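Okay, structure first, notes after.
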Amino acid sequence: MSASPLSVLAPESLTTDPNWWRQAAVYQIYPRSFYDANADGLGDIKGITAKVPYLLGLGLDAVWLSPFYPSELADGGYDVADYRNVDPRLGTLADFDEMATAIHDAGMKLIVDIVPNHSSDQHEWFQEALAAEKGSAARDRYIFREGQGANGELPPSDWGSVFGGPAWTQVPDGQWYLHLFASEQPDFNWDNREVRDDFLKTLRFWSDRGVDGFRIDVAHALTKDLSEPLPSQAQIRELEKLNNGSNPLWDRDEVHEIYAEWRTLFNEYTPPRTAVAEAWVDQSRRARYASTKGLGQAFNFDLLMADFDSGSFASIVTKNLAESAATGASSTWVFSNHDVVRHATRYGLPAIAADGKDGVGKSQDGKDWILAGGDETVLDRARGLRRARAATLFMLALPGSAYLYQGEELGLHEVADIADADRQDPAFFRNTGIEKGRDGCRVPLPWTAADTSFGFGDAAAHLPQPGWFADVAVSEQDTDPASTLNLYRNTLALRRQLQTTEELTWVPTTNPEVLHFVRPNGWTVVTNFGTNAIELPAGTVVLSSVPLVDGALPAEATAWLM
Ligand code: NOJ
């Protein structure tokens with residue numbers, strides 16, 4: 001493992017290749033927590049531009065920005081007040097153009113987040129709707145209904161929002177509006193042509209500015225069947241199990257008409273603009289989102305939800321590669337993002353026993369551990385990181401594209417000890433005592449060990465950073481050949497050499513805790529999920545998630561061989 005990246009420039013072909021996205025390594029930036037260039041405690045666009053050399057050094061193909069649009073931050077920016085602008089606290093459109101140029105000059109692509117299911121309640125259309133009369137054209141852009149009860153004092157249905165609490169909020173003239181998320185996030189009415197046209201305008205606006213692709217927020221929620229009588233929450237839960245498009249709120253077949261229209265727009269550009277759906281749907285329904293006649297790609301969260309387990313990993317990969325081959329889509333892989341407990345932490349927690357009572361960990365999502373105050377006595381930090389490094393090397397060797405989340409290249413753990421007073425996530429406020437929320441994976445990055453806010457900026461960070469960030473800061477890892485940062489750099493550089501085709505061949509193993517596969521040109525990948533060291537097959541080891549011991553691959557580790 002050497003300290004410097006093996007290659008720093010993305011290949012020239014990335015610029016013009018219409019298929020650049022199929023096997024891209026994409027890095028998610030949560031802009032308000034990445035790097036603060038103007039000392040206000042909030043990360044910004046100029047901060048991203050300043051760190052382009054860092055991104056380039058990681059060996060990425062593309063960068064995806066979570067929302068940077070004007071927002072009152074009721075949901076970390078996923079409450080957009082103006083889809084065609086930059087939050088003034090984060091910069092200007094000119095700053096955005098400068099950043100896009102810097103990213104492109106470095107040979108990387110740029111993906112931005114589009115949030116089409118709902119706007120912010122501060123969006124001019126929602127403000128107009130509030131000021132307008134019942135039944136007006138302004139109200140028809142959102143979902144307003146009369147309430148139940150003698151005077152309409154009860155919500156139109158008993159639906160709960162994803163973040164807890166009711167999904168309906170009443171306005172002064174008595175009507176109620178639907179919000180599947182926070183009350184500051186009113187849902188759009190996608191039956192309204194004006195809404196559809198406005199999103200086409202937004203997609204064109206950013207495409208014309210050189211944006212290469214889009215990440216589509218809750219892509220499975222846009223179209224709804226709101227014919228009366230509205231079903232109850234319990235009925236919806238039953239319909240959800242059918243996975244046949246009959247759920248009135250989620251994953252309806254009509255949503256794909258919208259994406260077909262978007263695809264026509266994407267294909268007007270050279271290379272065509274790309275899109276990836278965030279759609280938490282059953283695996284059997286995912287291909288629809290990833291269709292080349294629609295968005296082209298859909299996040300596959302199967303590995304993210306799985307335990308660190310050879311059987312689960314093997315069946316997920318096999319199933320998803322078969323599905324991609326059948327549909328022509330490319331697979332996507334992801335372990336961490338801004339909505340889930342970081343994978344180094346998930347893998348370091350004890351699983352809850354079948355009776356659900358044993359301990360406060362839950363390796364699958366880690367949320368119980370956060371709720372229990374992040375009890376350090378049950379988190380095995382070293383083991384979590386060891387498994388995360390092994391899992392990441394496994395994932396980065398798979399065909400398809402890989403989505404990485406800022407900070408995972410530092411091996412960051414979840415920050416659990418955030419005081420309630422400092423929390424920002426609406427899931428915490430709407431669900432007190434049941435959820436602590438997602439702030440722990442959104443704490444601003446540590447760039448240096450000693451400076452104000454660990455080098456995030458010259459002011460205190462908008463979410464408090466823990467003392468242990470000093471040990472994992474970029475400055476501490478940069479020249480350490482054994483650091484997680486350099487493991488990511490070296491792996492991403494080598495990955496370019498094995499992404500020439502999308503084939504993967506499993507090699508049978510006698511040990512059920514070992515997975516072994518071969519990629520084009522003889523690249524061989526072995527992951528040991530077990531707790532004993534194993535012998536490696538013949539070949540030259542070019543990379544390993546931990547150092548080999550007497551030529552053997554230690555427990556919970558991955559090696560790449562040539
Ligand atoms: C999914 C986003 O990833 C999440 O952060 C957000 O809260 C919801 N969609 C609502 O926009």
Side-chain angles (χ1 to χ4, degrees), residues 26-34 43 64-83 87 111-123 126 142-143 159-165 167 169 177-188 190 199 202 214-222 224 249-251 255 275-281 289 295 297-301 304-305 332 334-342 365 367 370 403-408 414 423-431 435-443 463:
V26 185
Y27 182 88
Q28 180 190 357
I29 290 184
Y30 191 73
R32 293 174 177 85
S33 295
F34 187 65
W64 148 34
L65 303 189
S66 275
F68 49 83
Y69 314 108
S71 168
E72 64 182 313
L73 300 182
D75 181 22
Y78 283 89
D79 48 323
V80 179
D82 180 355
Y83 288 86
D87 185 337
I111 295 171
V112 302
D113 224 303
I114 294 291
V115 190
N117 178 64
H118 45 264
S119 72
S120 157
D121 62 353
Q122 301 304 307
H123 190 285
F126 193 70
Y142 293 90
I143 300 168
W159 301 344
S161 97
V162 171
F163 294 149
T169 290
Y177 67 89
L178 180 70
H179 50 89
L180 293 184
F181 294 89
S183 54
E184 296 88 348
Q185 293 168 296
D187 282 36
F188 280 117
W190 273 87
F199 273 91
T202 295
F214 300 95
R215 178 265 188 192
I216 312 304
D217 191 65
V218 282
H220 55 315
L222 278 48
K224 300 173 179 83
L249 299 181
W250 304 96
D251 190 25
V255 79
V276 56
E278 186 225 17
W280 292 84
V281 295
Y289 294 85
L295 296 176
Q297 236 187 7
F299 284 124
N300 166 358
F301 294 119
L304 180 153
M305 290 188 291
T332 64
V334 51
F335 282 123
S336 281
N337 63 33
H338 65 296
D339 288 331
V340 297
V341 172
R342 286 186 178 276
D365 66 14
K367 285 184 182 169
I370 297 176
Y403 285 82
L404 308 169
Y405 177 52
Q406 69 176 42
E408 68 168 85
E414 189 81 0
R423 290 206 174 264
Q424 299 177 1
D425 188 349
F428 168 69
F429 296 111
R430 296 180 64 89
N431 236 331
E435 284 229 16
K436 280 283 182 188
R438 303 158 294 177
D439 296 314
C441 61
R442 301 173 177 185
V443 174
L463 270 170

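Start at 1 and go down the list; that is how both ligands and their atoms are numbered. Predicted model only: the values in this text are computed from it and were never measured. The first residue of the sequence shown is numbered 1, and numbering continues consecutively from there. For the numbers below, each heavy atom of this structure counts, side chains included, while hydrogens, waters and symmetry mates do not.
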Please tabulate protein-ligand N/O pairs under 3.5 Å for ligand 1, atom names and distances to 0.1 Å.
from, atom 1, to, atom 2, distance (Å)
ligand 1, 3 (O), R215, NH2, 3.0
ligand 1, 3 (O), H338, NE2, 2.8
ligand 1, 3 (O), D339, OD2, 2.4
ligand 1, 5 (O), H338, NE2, 2.9
ligand 1, 5 (O), D339, OD1, 2.7
ligand 1, 5 (O), R438, NH1, 3.3
ligand 1, 7 (O), D75, OD1, 3.2
ligand 1, 7 (O), D75, OD2, 2.6
ligand 1, 7 (O), R438, NH1, 3.0
ligand 1, 9 (N), D217, OD1, 2.8
ligand 1, 9 (N), D217, OD2, 3.2
ligand 1, 11 (O), H118, NE2, 2.9
ligand 1, 11 (O), D217, OD2, 2.7

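With sequence neighbours excluded, the residues satisfying salt bridge (Lys or Arg N to Asp or Glu O under 4.0 Å) with R215 are D113, D217, E278. Remark: D425 engages R438 in a salt bridge (Lys or Arg N to Asp or Glu O under 4.0 Å) (not counting sequence neighbours). Checked against salt bridge (Lys or Arg N to Asp or Glu O under 4.0 Å), D79 has no partners two or more places apart in sequence or in another chain.
In this model, a donor atom of one side chain and an acceptor atom of the other lie less than 3.5 Å apart for S119 and Y142.
Taking every heavy atom of both residues into account, Y177 and S183 meet most closely at OH-O, 2.6 Å.
Residues F68 and S66 have side chains not in contact (no heavy-atom distance under 4.5 Å, counting atoms from C-beta outward).
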